[in-house]
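What follows is a short report on a single structure.
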Amino acid sequence: MSARWFEALRLRLADRQIDVGEVLRTVVDGVAAAMGAERATLYLHDPSTGELVSRAAHLPEIPEIRLRRGEGIAGWVARTRRPMVVRREQPDPRWSDRIDATTGYHTQSMLCAPVLTETNLIGVIQVLNKPVGDFGEDDLERLEHMAGDLADLLDAPSLRRELASDAPMALGSDFVVGSSLLIQQVYERLSRAAASDATVLVRGETGTGKSLLARAIHDHSPRRDGPLVQVDCAALPASLIENELFGHERGAYTGAREATEGQVAAAEGGTLFLDEIGDLPLDVQGKLLRLLEERTYLRVGGSKARQASVRFVCATHTDLEQRMAEGAFRSDLYYRIRVVELEVPPLRDRGQADLDRLVDHFVFESGRRHGRTMTLSPEARSALHTWSWPGNVRELEHCIESAVLMARSPTLAADDLPLRRTVGLPRVDEPEWFVAQGGTLRDIERAYCRHVLELCNGNRTQAAQRLGIGRNTLARKLA
């Protein structure tokens with residue numbers, strides 16, 4: 001393949017005689033033929049997630065490959081921007097077997113080179129398996145030259161826009177993994193909200209990633225250089241939450257030997273994230289309303305108003321409208337925190353593609369964290385797809401991490417997944433399971449209460465609040 005060949009492709013693109021997809025397929029075919037390789041893949045770099053996404057490839061087994069930041073040889077090449085040749089018989093810790101395990105293809109040798117402009121990484125070009133002989137340093141040099149010509153081809157302004165059009169850089173996607181329509185809508189609203197100083201209310205079931213979105217809002221806001229301070233309104237007793245938020249003056253109560261600052265002061269110039277705001281006591285709600293409206297507050301035992309320059313992000317899994325109807329949440333505070341509202345969808349509504357991306361993400365991250373290179377069997381993936389995920393993404397993450405830690409084999413099997421052991425409820429594809437075990441309605445109720453208690457890390461007060469029952473009632477149901 002010569003520079004003239006790439007120039008011919010560039011001219012055809014300029015005349016719009018062929019579409020971009022056809023050009024990229026032609027490039028991949030040409031690279032594989034020129035290198036004498038069985039397969040070639042062109043990965044494009046998604047700056048919003050750090051992932052490499054296969055855009056054109058000899059890949060009959062699956063529609064797409066997504067490599068996490070730094071995953072495998074191609075991920076290492078993208079991160080270091082250095083080319084590389086590897087062979088399976090020469091062990092390399094950067095080698096990943098995940099894709100071969102998914103496709104059934106057996107990679108023996110590989111060449112990878114970054115596709116670079118002077119300032120940006122466009123992607124990675126990769127070739128696999130030379131039927132005769134092995135790839136050598138001369139082959140790697142040839143692939144580097146091709147990658148340079150390819151970068152010139154793909155760096156045309158009109159082509160850059162077209163390449164990015166079907167993989168938009170979504171603000172917030174570096175925090176929340178997923179590309180479903182529901183998540184894209186969250187990204188879109190988040191991008192507009194983050195640029196302002198408006199108060200944001202994030203709503204969603206427990207475990208959906210509300211705190212991650214709060215972090216994304218802060219990190220993409222004008223206050224990104226300031227602190228992000230989180231206060232869990234459900235984790236503290238009612239008698240302590242006011243002190244936690246506002247601090248106290250010396251002598252405000254027995255044992256207050258010196259004045260202390262609260263979390264509002266700690267968040268000065270940044271963002272105060274009030275998690276589970278629906279559990280805030282009524283008397284503190286009034287003081288929070290003053291802070292939101294006037295940007296002033298009093299320490300406990302104090303009489304001097306203090307100024308606060310803070311942006312507010314609030315989150316809740318509770319039905320605030322129901323709480324208002326019950327007189328447990330102030331309507332004026334409700335309308336004050338609901339300036340911009342983000343609804344985080346539950347995992348069960350996000351579709352199989354998002355679930356697969358999250359599964360692959362957690363398998364990779366858990367394996368890297370615990371020093372294990374893991375793959376997922378088709379049976380295990382099927383089991384994950386049939387689970388209802390009442391604990392949402394948090395439950396999925398803990399499920400995968402447990403399996404990665406406890407599995408005897410590098411390939412996670414369905415039996416390695418602690419689904420029924422963790423949750424104690426029937427799978428969604430087995431509604432008759434509990435009945436077959438002789439379970440009664442009381443058994444199902446007890447199992448669900450135990451599940452919620454586990455999600456609350458054993459905190460019975462918080463579990464009772466989430467179940468909408470009293471703490472004593474919860475104790476009876478668990479007995």
Side-chain angles (χ1 to χ4, degrees), residues 182 185-186 189-190 193 198-211 213-214 217 230-242 244-246 264 272-294 297 311-349 388 390-392 394 441 444-446 448-453 455-456 459-478:
L182 289 176
Q185 291 171 346
V186 173
R189 289 181 62 81
L190 186 150
T199 301
V200 179
L201 175 62
V202 185
R203 307 181 76 160
E205 295 179 8
T206 182
T208 51
K210 298 186 291 296
S211 61
L213 288 182
I217 291 168
Q230 178 174 344
V231 177
D232 189 341
C233 301
L236 293 168
S239 58
L240 296 181
I241 186 68
E242 182 180 355
E244 177 76 7
L245 281 172
F246 306 120
V264 174
L272 182 64
F273 173 41
L274 299 174
D275 198 11
E276 297 303 347
I277 193 170
D279 295 322
L280 199 65
L282 271 172
D283 58 333
V284 182
Q285 290 178 28
K287 296 171 182 178
L288 177 62
L289 179 63
R290 175 184 177 178
L291 175 62
L292 284 161
E293 291 182 338
E294 302 175 11
Y297 66 97
R311 198 258 179 92
F312 294 90
V313 178
C314 307
T316 185
H317 78 283
T318 60
D319 186 338
L320 291 182
E321 292 78 10
Q322 179 63 32
R323 297 275 289 169
M324 278 197 302
E326 296 169 351
F329 200 84
R330 294 178 58 135
S331 60
D332 47 5
L333 178 60
Y334 169 79
Y335 293 114
R336 188 63 188 80
I337 64 174
R338 206 173 142 244
V339 178
V340 176
E341 190 170 5
L342 295 179
E343 184 76 33
V344 190
L347 181 54
R348 61 183 173 274
D349 291 346
S388 59
N392 291 293
R394 184 186 297 127
L441 178 60
I444 297 174
E445 191 177 63
R446 182 185 300 114
Y448 184 67
C449 289
R450 286 175 177 167
H451 168 56
V452 173
L453 184 62
L455 292 178
C456 296
N459 186 319
R460 292 199 173 195
T461 300
Q462 187 176 350
Q465 290 173 341
R466 294 190 176 190
L467 289 165
I469 59 178
R471 196 173 185 277
N472 292 337
T473 302
L474 174 61
R476 288 196 300 271
K477 292 182 182 297
L478 291 172

Stepwise side chain to side chain contact (heavy atoms under 4.5 Å, CB included) test for Asp349 and Leu182: CA-CA 8 Å; Asp349 291 346; Leu182 289 176; 4.0 Å; yes
Partner residues of Gln285 under the side-chain hydrogen bond (donor to acceptor under 3.5 Å, both in side chains) criterion, sequence neighbours left out: none
Are any of the side-chain heavy atoms of Leu201 and Val340 separated by less than 4.5 Å? no
Find out whether Ile337 and Leu292 are in side-chain contact, i.e. whether some heavy atom of one side chain is under 4.5 Å from a heavy atom of the other. yes
Is the shortest heavy-atom distance from the side chain of Val313 to the side chain of Val202 under 4.5 Å? yes
Side-chain heavy-atom pair Asp332, Glu293 within 4.5 angstrom cut-off: no
Kindly compute the distance separating CG (Asp232) from CG (Asp279), expressed to the nearest 0.5 Å. 8.0 Å
Would you say the side chain of Ile241 lies within less than 4.5 Å of the side chain of Val231, judging by non-hydrogen atoms? yes
Close side-chain approach of Phe246 and Lys287, heavy atoms under 4.5 Å: yes
What pairs meet the salt bridge (Lys or Arg N to Asp or Glu O under 4.0 Å) rule with one or both residues in residues 311-329, with sequence neighbours excluded? Arg203-Glu321
Looking at side-chain heavy atoms only, is the closest gap between Leu474 and Cys449 below 4.5 Å? yes
Can you see which heavy atom on Cys314 is nearest to which on Ile277, and at what distance? SG-CD1, 3.6 Å
Is the side chain of Thr318 donor-acceptor paired with the backbone N or O of Leu320 at a distance under 3.5 Å, no angle test? no
Does any N or O in the side chain of Asn392 come within less than 3.5 Å of the main-chain N or O of Thr206, such that one atom is a donor and the other an acceptor? yes
Measuring from Asp275:CG to Thr316:OG1, what's the distance to the nearest 0.5 Å? 8.5 Å
In Å and rounded to the nearest 0.5 Å, what is the OG1 to CZ distance from Thr208 to Arg394? 8.0 Å
Tell me the closest heavy-atom pair linking Val339 and Ala198, and the distance in Å. CG1-CB, 4.0 Å
Does Lys210 reach the main-chain N or O of Glu205 with its side chain, forming a donor-acceptor pair under 3.5 Å? yes
Minimum heavy-atom separation for Val186 to Pro345, with atom names? CG2-CD, 3.9 Å
Taking every heavy atom of Ala315 against every heavy atom of Phe273, the minimum-distance pair comes out as CB-CE1, 3.5 Å
Heavy-atom side-chain contact between Leu190 and Leu213 under 4.5 Å: yes
